[in-house]
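All heavy atoms count here, side chains included; hydrogens, waters and symmetry mates do not.
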Amino acid sequence: MRFDIARQPLVPAFLTLLLIAVVAMRGADPHALPDRIIPPTTDCAAASGTETPPAALRERNDAPGTEPAETENVRPGLAVRMPAVWSSQFQHNHPGWARWIGGLLLIFGGMCTGRLTVRNNLYSVGTCLAIPLYAIAACAPGLGGDFLTALAGAALLAFATKNYCRSFRNGYAFDAVFRASLYLGTLPLLQPAALPLAAALPLAVLIFRRTLREAAVACAGLLLPAAALCYINWGAGGEFSAPLSYLGTAFLAGRPLALFSALPLPNLLPTAAIGALGLLAALFVLSDLYAVGTKPRFILIYNIVLLALTAAVLCGPGAVRTDTTLIAVPAAILLPFLFVRIHRAIVWPLYLILLAFTLISSILQ
């Protein structure tokens with residue numbers, strides 16, 4: 001009996017995920033310069049170590065192909081560390097723990113995505129292919145300097161997607177929509193470029209046919225993380241709206257489509273390949289939409305929309321290499337639909353090329 005990659009069982013899928021996680025964390029550099037330069041905030045924030053050190057700013061400014069970081073615009077009123085800054089500081093100060101946590105986040109995100117596909121029988125065949133594809137799509141472009149932030153953001157999007165899909169059922173689903181929106185609302189605090197993903201909430205409400213009551217609960221979950229951070233900042237002596245001002249500034253920093261010109265070619269090629277394969281899988285889904293059941297059909301439609309939203313994130317002005325991991329969630333859910341419908345002679349080399357490139361990229365990053 002020949003092994004079929006497109007109909008991959010759980011054990012080899014998990015072992016591939018574990019292999020990628022180990023190699024990626026072994027190759028990650030916890031002391032690398034962050035992809036997103038954090039400008040100075042206040043004297044309180046500077047004393048607590050939330051700003052990028054001047055030496056790192058000068059080194060980043062001198063690097064070829066990068067724009068000078070903003071160092072003059074001081075942001076009054078931000079008295080606490082932003083979650084993205086805390087994650088970067090933790091990675092730098094505790095490299096061992098950062099690698100362990102990053103590897104676990106990659107494994108949890110992959111297993112969460114794979115369980116979603118198997119539980120809802122999205123492809124009409126039994127396959128756990130989404131598990132290794134999640135790790136491939138997350139690690140092939142390179143994790144960048146803030147690998148802990150990148151993997152945490154991808155895991156948050158995976159958890160949000162799982163709970164939104166779980167809300168598609170008879171009766172109320174307050175718990176599912178609240179949890180999903182809570183994860184989605186936390187994501188921009190780690191990756192400000194992910195602000196357009198907030199549109200996934202109203203789209204999930206429409207696609208999964210949720211009521212106005214559930215939509216109100218979902219909006220409360222979406223706004224709760226930012227509101228809590230504003231309240232904590234106000235309680236620490238800063239301005240209540242300072243975190244929101246920071247997120248807006250970080251989101252608008254740079255030029256649209258600047259990420260694609262800033263990415264090195266070895267990082268740009270896998271990002272483009274995964275995006276192209278995701279688009280091709282979306283076309284396969286739309287052309288064969290009624291070959292699956294009702295719930296799988298709506299879940300696949302939602303992930304097509306999510307793929308478009310993540311593409312919009314990468315095209316935004318504040319996008320950096322850290323944000324490329326977000327495409328892992330919709331790509332891992334859509335690509336198996338393509339792989340189980342094309343010839344095995346194409347699937348084998350395509351999968352092995354992606355896997356080999358991911359391992360090589362993880363070792364050399």
Ser181 and Tyr164: CA distance, side-chain angles, deciding distance, side chain to side chain contact (heavy atoms under 4.5 Å, CB included) verdict:
CA-CA 8 Å; Ser181 302; Tyr164 275 136; 2.9 Å; yes
Output, in order, the C-alpha distance, side-chain angles, deciding distance and verdict of side chain to side chain contact (heavy atoms under 4.5 Å, CB included) for Ile101 and Phe90.
CA-CA 11 Å; Ile101 295 173; Phe90 181 87; 3.7 Å; yes
For Ile299 and Thr161, run side chain to side chain contact (heavy atoms under 4.5 Å, CB included): C-alpha distance rounded to whole Å, both residues' side-chain angles, the deciding distance at 0.1 Å, then the answer.
CA-CA 9 Å; Ile299 291 176; Thr161 302; over 6 Å; no
Please report the C-alpha distance between Leu122 and Val292 in whole Å, then the side-chain angles of each, then the deciding distance to 0.1 Å, and finally whether the side chain to side chain contact (heavy atoms under 4.5 Å, CB included) criterion is met.
CA-CA 7 Å; Leu122 297 187; Val292 295; over 6 Å; no
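Looking only at side-chain heavy atoms (C-beta outward), Leu19 and Leu359 come within less than 4.5 Å of each other. Taking the side chain as every heavy atom from C-beta outward, Phe147 and Met25 approach each other to under 4.5 Å. Taking 4.5 Å as the limit, every side-chain heavy atom of Leu314 sits out of range of all side-chain heavy atoms of Leu326. Side chains of Leu157 and Leu184 form a contact here, defined as non-hydrogen atoms less than 4.5 Å apart. Taking 4.5 Å as the limit, every side-chain heavy atom of Leu151 sits out of range of all side-chain heavy atoms of Leu104. The shortest distance between side-chain heavy atoms of Leu143 and Thr324 does not fall below 4.5 Å. Proximity of Pro243 to Met82: side-chain heavy atoms (C-beta onward) are separated by under 4.5 Å at one or more points. Side-chain contact between Thr117 and Pro336 is absent, with no heavy-atom pair separated by less than 4.5 Å.
Ile346 and Val285 fall within the same hydrophobic cluster, where Ile, Leu, Val, Met, Phe, Trp and Tyr residues are linked whenever their side-chain heavy atoms come under 4.5 Å apart, directly or through other members. Hydrophobic clustering keeps Val347 apart from Leu283 (ILVMFWY residues linked when any side-chain heavy atoms are closer than 4.5 Å, directly or through intermediates). Leu224 and Leu195 fall into different hydrophobic clusters, where Ile, Leu, Val, Met, Phe, Trp and Tyr residues are linked whenever their side-chain heavy atoms come under 4.5 Å apart, directly or through other members. Hydrophobic clustering (ILVMFWY, side-chain heavy atoms < 4.5 Å, transitive): Leu335 and Leu286 are in one cluster. Residues Val177 and Val305 fall into different hydrophobic clusters, defined by Ile, Leu, Val, Met, Phe, Trp and Tyr side chains chained together at heavy-atom separations under 4.5 Å.
For Tyr231, the OH atom counts as loosely surrounded, since its 6.0 Å shell holds 12 or fewer non-hydrogen atoms of other residues, nucleotides or ligands. Within 6.0 Å of CZ in Arg119 there are 12 or fewer heavy atoms belonging to other residues, nucleotides or ligands. For Arg297, the CZ atom counts as densely surrounded, since its 6.0 Å shell holds more than 12 non-hydrogen atoms of other residues, nucleotides or ligands.
Between the CD1 atom in Ile207 and the CZ atom in Phe298 there is a gap of 8.5 Å [rounded to 0.5 Å]. To the nearest 0.5 Å, atom SG of residue Cys315 and atom CG of residue Leu257 are 5.0 Å apart. Going from atom CG of Leu105 over to atom CH2 of Trp100 covers 13.5 Å, rounded to the nearest 0.5 Å. For the atom pair CZ (Arg209) and CD (Glu214), the distance works out to 13.5 Å, reported to the nearest 0.5 Å. Here the CZ-CZ distance, from Arg99 to Arg26, works out to 8.0 Å after rounding to the nearest 0.5 Å. Distance check: Ile333 CD1 to Ile304 CD1 gives 11.5 Å after rounding to the nearest 0.5 Å.
Using modelled atom types and a 3.5 Å distance limit, the side chains of Gln91 and Ser88 yield no donor-acceptor pair.
The two residues Leu334 and Ala281 make their nearest non-hydrogen contact at O-CB, 3.4 Å. The shortest non-hydrogen separation linking Pro202 to Ala198 is CD-O, 3.4 Å. The two residues Ser362 and Cys139 make their nearest non-hydrogen contact at OG-CB, 4.0 Å. The two atoms that bring Tyr351 and Thr16 nearest to each other are OH-CG2, 3.7 Å, heavy atoms only. The two residues Leu265 and Pro270 make their nearest non-hydrogen contact at O-CD, 4.5 Å. The heavy-atom pair separating Thr322 from Gln191 by the smallest distance is O-NE2, 3.5 Å.
Not a single donor-acceptor pair under 3.5 Å links the side chain of Asn163 to the backbone N or O of Ala160. Using a distance-only test at 3.5 Å, with no hydrogens or angles considered, a donor-acceptor pair links the side chain of Arg210 to the main chain of Ser167. Between the side chain of Thr358 and the backbone N or O of Leu354 there is at least one donor-acceptor pair closer than 3.5 Å. A donor-acceptor pair is defined here as one N or O able to donate and one able to accept, closer than 3.5 Å; no such pair exists between the side chain of Asn233 and the backbone of Leu229. Counting only distance, with no hydrogens or angles, the side chain of Thr325 and the backbone of Ala138 share no donor-acceptor pair below 3.5 Å. Of the possible polar contacts, none joining the Ser87 side chain to the Ala84 backbone as a donor-acceptor pair under 3.5 Å is found. Between the side chain of Ser361 and the backbone N or O of Ala140 there is at least one donor-acceptor pair closer than 3.5 Å.
If you look at Tyr302 and Phe208, their ring centroids are closer than 6.0 Å. Separation of the Phe159 and Tyr183 ring centroids falls under the 6.0 Å cut-off.
Taking the six-membered ring where tryptophan is involved, the planes of Tyr172 and Phe174 are essentially parallel, since the angle between them stays under 30° and well short of 60°. The aromatic rings of Trp234 and Phe240 lie perpendicular to each other, with more than 60° between the two planes, well past the 30° mark.
Each of Asn267, Thr271, Asp146 was scored for a side chain to side chain donor-acceptor pair (under 3.5 Å) with Arg321, with one residue passing: Asn267.
A salt bridge links Arg166 to Asp175: one of the charged nitrogens lies within less than 4.0 Å of a carboxylate oxygen.
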